[in-house]
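Here the structure is laid out as structure tokens; the discussion comes afterwards.
Only this structure's heavy atoms are used, side chains among them; waters, hydrogens and symmetry mates stay out.
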Amino acid sequence: MALVPYPGILAATKGDPDAMKTVLQHFSGYIASLSMRKLYDERGNAYYGVDEDIRERLQAKLMRAILTFRAE
């Protein structure tokens with residue numbers, strides 16, 4: 001996977017929504033893998049899936065980190 005271009009990262013740090021979306025899409029697979037949990041269906045059967053609450057929290061943390069990042 002290609003890296004996010006530096007101008008895109010700078011735009012995201014300044015709050016550009018399209019650039020932020022690009023950065024989030026770049027890390028979506030990694031965030032999904034970190035969000036995998038053992039879940040149970042209504043019959044008690046176990047399966048692995050993405051915990052949406054954890055995924056949303058990780059995305060929010062990434063967005064906060066991007067907005068507070070200061071490039072030199």
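- For Asp41, the salt bridge (Lys or Arg N to Asp or Glu O under 4.0 Å) criterion is met by no residue, not counting sequence neighbours.
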Donor-acceptor list for residues 28-39 side chains, cut-off 3.5 Å, not counting sequence neighbours:
| from | atom 1 | to | atom 2 | distance (Å) |
| --- | --- | --- | --- | --- |
| Ser28 | OG | Gln25 | O | 2.9 |
| Ser33 | OG | Tyr30 | O | 2.8 |
| Ser35 | OG | Ile31 | O | 2.7 |
| Ser35 | OG | Arg55 | N | 3.4 |

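- Counting heavy atoms from C-beta on, the side chains of Met20 and Leu67 come closer than 4.5 Å.
- Taking Glu56 as the reference, nothing meets the side-chain contact (heavy atoms from CB on, under 4.5 Å) condition, with sequence neighbours excluded.
- Between Leu58 and Leu62 the shortest side-chain heavy-atom distance does not fall below 4.5 Å.
- Under the 4.5 Å side-chain heavy-atom criterion for ILVMFWY residues, no single connected hydrophobic cluster contains both Val50 and Phe27.
- Applying the side chain to side chain donor-acceptor pair (under 3.5 Å) rule to pairs touching residues 11-24 yields nothing, sequence neighbours excluded.
- Scanning all heavy atoms of the two residues, the minimum distance from Tyr40 to Tyr47 falls at C-CE2, 3.8 Å.
- Closest non-hydrogen pair, Ala19 versus Ala12, comes out as CB-N, 3.5 Å.
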